[in-house]
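Notes follow once the structure below has been shown.
Chain letters run A, B, ... following the sequence lines, proteins first, then strands; residues in each count from 1.
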Amino acid sequence: MAIKYELIKECKQSGARLGKITTPHGEIETPIFMPVGTKATVKAMTPEELKEIETQILLSNTFHLYLRPGHELIEKAGGLHKFMNWDGPILTDSGGFQVFSLDKLRKITEEGVEFRSFVDGSKHFFTPEKSMEVQNALGSDIMMTFDECPPYPADKEYVRKSLEMTTRWAKRSKDAHKNPDTQALFGIIQGGMFRDLREQSAKELIELDFPGYAIGGLSVGEPKDLMIEVLKYTTPMMPKDKPRYLMGVGTPDYIFEAAISGIDMFDCVLPTRIARNGTAMTSSGRINLKNAKFFDDFTPLDEECDCYACRNYTKSYIRHLVKENEILGARLLTIHNLNFLLKLSENIREAIKNDRLLDYKEEFYKKYGYIK
RNA sequence: GCGGUUAUAGUCAAGUGGUUAAGACACAGGAUUGUGACUCCUGCAUGCGUGGGUUCAAAUCCCACUAGCCGCC
């Protein structure tokens with residue numbers, strides 16, 4: 001087995017799980033937020049900077065790296081860890097999400113998905129086998145099965161057929177996976193916003209016995225209440241003795257809800273993306289550094305933060321960098337936002353230890369502005 | 001002093017008689033959720049140097065003035 005999951009304790013107040021995942025490239029304390037580095041880099045960040053903010057595991061993307069620079073090159077370089085100089089754990093997404101996000105540039109069949117490259121328009125046929133070939137070449141610690149992520153809204157019949165195909169693709173992924181001893185392959189539960197379909201998907205995938213499971217198909221534009229409802233009933237369908245990963249979540253409210261429902265891992269491009277557009281996540285809510293009110297605000301982004309950006313720079317200066325489109329602005333905000341979610345993860349783990357996650361959630365929400 | 005030329009938003013600028021005066025940048029907000037993202041969306045001139053005039057109708061035509069620019073004494 002490539003990874004080991006240890007359930008350390010459950011929060012008596014909330015039911016959230018504190019755990020530890022051991023991978024070939026180190027241990028991960030859960031619940032944990034995973035920064036996204038789609039193209040073998042967390043945009044604007046060096047591995048040293050990621051280490052400094054205590055990043056435990058990164059995400060990267062199979063489909064993007066397959067297009068450029070090509071998995072053969074990365075294999076030749078000695079694998080993704082060596083190629084990008086990151087020696088910690090890496091999780092690679094399968095390309096399944098691109099089935100959703102590139103919906104105008106692809107065609108889905110039972111065999112696989114024909115994509116039109118967003119790089120040069122060329123056609124590429126992606127299959128579960130292809131995704132495994134690429135992920136095996138990359139050498140990630142955790143791989144994902146190739147799935148179809150249906151859009152929202154989608155009618156039930158479509159979602160049912162989609163999930164059943166995702167199960168068949170999961171089986172094919174597992175069969176094609178060459179390195180199960182050094183790379184763990186996670187299954188992805190689909191089923192849209194339908195409880196019975198989520199149950200069907202979970203059941204079918206659990207029969208295939210993966211070392212970890214993810215919830216896919218959420219955070220695709222559905223209302224927040226619906227997303228949380230689906231999350232609440234889907235998580236308990238997942239095995240207790242294996243890691244549980246909620247894909248695509250990165251706002252504090254979703255992170256709390258995920259942890260409380262028993263999720264161990266989550267990832268999102270949001271903190272790095274909004275950083276590049278001038279927004280910071282702070283303990284008292286999001287702030288847009290472009291706003292005129294920060295022109296002469298010489299305080300740090302977040303008084304409670306101890307990241308490099310907050311220790312050394314003011315809102316006024318960072319606003320200036322953002323307004324001038326200076327690279328350092330994006331870098332400082334990225335460091336800060338990732339640190340914020342990593343610190344939030346740590347605080348959640350600490351609260352679980354002390355059986356007070358619901359109390360911590362209320363404190364956080366009041367300050368952040370979720371509760372008036 | 002004389003001749004020519006120009007004057008439209010904070011900036012650049014389209015428009016040369018006919019509905020709510022293009023567009024870009026800047027400015028002010030907003031969005032962003034397994035990254036097609038230095039991206040996207042919204043707002044921003046009751047007014048076209050000033051004052052008169054012609055006309056049903058003027059940023060557009062005419063006159064004067066003011067300012068800038070280019071020549072010539």
- Looking at A:Tyr365, is A:Lys367 sitting on its ring face, NZ or CZ under 6.0 Å from the six-membered ring centre and within 45 degrees of the normal? no

- May I ask you to decide if the ring planes of A:Tyr308 and A:Tyr313 are parallel, tilted or perpendicular, using 30° and 60° as cut-offs? perpendicular

- Item | Basic-acidic side-chain contact under 4.0 Å: A:Arg160, A:Glu157 | yes

- Item | Output field: ring centroids A:Phe100/A:Phe97 closer than 6.0 Å | yes

- Answer with base, sugar-phosphate or nothing: what part of the nucleic acid does A:Leu102 contact at a heavy-atom distance below 4.0 Å? base

- Query: With A:Glu129, which of A:Arg172, A:Lys178, A:Lys174 fulfils salt bridge (Lys or Arg N to Asp or Glu O under 4.0 Å)?
  - Reply: A:Arg172

- Can you name the salt bridge (charged side-chain N to carboxylate O under 4.0 Å, His left out) partners of A:Glu10, sequence neighbours left out? A:Lys240

- Query: Hey, does A:Phe266 reach any base, or is it just sugar-phosphate, or nothing, if we go heavy atoms under 4.0 Å?
  - Reply: nothing

- Residues forming a ring-ring contact (aromatic ring centres under 6.0 Å, His included) with A:Phe126, sequence neighbours excluded: A:Phe63, A:Tyr66, A:Phe146

- Message: Please report the distance separating the C1' of B:A64 from the corresponding atom of B:C25, rounded so that it comes out in whole Å.
- Response: 36 Å

- Query: More than 12 heavy atoms of other residues, nucleotides or ligands under 6.0 Å from NZ of A:Lys12: is that the case?
  - Reply: no

- From CG of A:Asn277 across to P of B:A31 the rounded distance in Å is 12 Å

- Just checking A:Asn325: base, sugar-phosphate only, or nothing, at a heavy-atom cut-off of under 4.0 Å? base

- Message: Counting only side-chain nitrogens and oxygens, does A:Thr38 get under 4.0 Å of the OP1 or OP2 atom of B:U35?
- Response: yes

- In whole angstrom, give the distance that lies between atom CD of A:Glu148 and atom P of B:G34. 17 Å

- Message: For a 4.5 angstrom cut-off between non-hydrogen side-chain atoms, does A:Leu102 reach A:Val99?
- Response: no

- Query: Roughly how far apart, to the nearest Å, are B:U54 and B:G17 at atom C1'?
  - Reply: 12 Å

- Message: In this structure, is the centre-to-centre distance between the rings of A:Tyr317 and A:Phe298 below 6.0 Å?
- Response: no

- Note on the structure: Whole-Å distance, A:Arg276 CZ to B:U35 P, equals 12 Å

- Message: Just the rounded figure in Å: distance from C1' of B:U33 to CG of A:Asp267.
- Response: 9 Å

- Query: How far does the P atom of B:U6 sit from the matching atom of B:G10, given to the nearest Å?
  - Reply: 23 Å

- Any chance you could list the contact pattern along nucleotides 23-30 of chain B? Use B for base contacts, S for sugar-phosphate-only contacts and - for none, protein heavy atoms under 4.0 Å, 5' to 3'. ----SSSS

- Query: Over how many whole Å does the gap from A:Met143 atom CE to B:G34 atom C1' extend?
  - Reply: 15 Å

- Message: Are there runs of at least three consecutive Watson-Crick or G-U pairs touching RNA chain B, with each pair's two distances under 3.5 angstrom? Give them by first number.
- Response: B:1-7 with B:66-72, B:10-12 with B:23-25, B:27-31 with B:39-43, B:49-53 with B:61-65

- Euclidean distance for P, B:A26 against B:U11 (whole angstrom): 15 Å

- Message: Let's test your reading of the model: under 3.5 Å, does the base of B:U35 pair with the side chain of A:Ser101 as donor and acceptor?
- Response: no

- Query: Starting at CD of A:Gln98 and ending at C1' of B:U35, how long is that distance when rounded to a whole Å?
  - Reply: 8 Å

- Item | Touch class at under 4.0 angstrom, heavy-atom based, for A:Ile188 against every strand present | base

- Query: Looking across every strand, which nucleic acid part, if any, lies under 4.0 Å from A:Gly278 by heavy atom: base, sugar-phosphate, or nothing?
  - Reply: nothing

- Task: Using the C1' atom as the reference point in each nucleotide, state the distance between B:A59 and B:U35 in Å, no decimals.
- Result: 47 Å

- Query: Taking atom P in both B:G29 and B:C44, what distance in whole Å separates the two?
  - Reply: 16 Å

- For A:Glu133, salt bridge (charged side-chain N to carboxylate O under 4.0 Å, His left out) partners two or more places apart: A:Lys130

- Message: Is it the case that the base of B:U32 and the side chain of A:Arg273 share a donor-acceptor contact (distance under 3.5 Å, atom types as modelled)?
- Response: no

- Query: Does anything in residues 104-126 of chain A reach RNA chain B, meaning a heavy atom under 4.0 Å, and if so which residues?
  - Reply: A:Leu105, A:Phe118

- Query: How long is the line joining NZ of A:Lys43 and C1' of B:G36, in whole Å?
  - Reply: 10 Å

- Item | Rounded interatomic separation in angstrom, taking CG from A:Leu270 and C1' from B:A31 | 10 Å

- When rounded to the nearest Å, what value does the distance between P atoms of B:A9 and B:C56 take? 31 Å

- Are A:Phe340 and A:Pro252 close enough that some pair of their side-chain heavy atoms sits under 4.5 Å apart? yes

- Item | B:G52 versus B:A58 - spacing of their C1' atoms, nearest Å | 14 Å

- Message: Could you check whether any side-chain heavy atom of A:Leu91 comes within less than 4.5 Å of a side-chain heavy atom of A:Met34, counting everything from C-beta outward?
- Response: yes

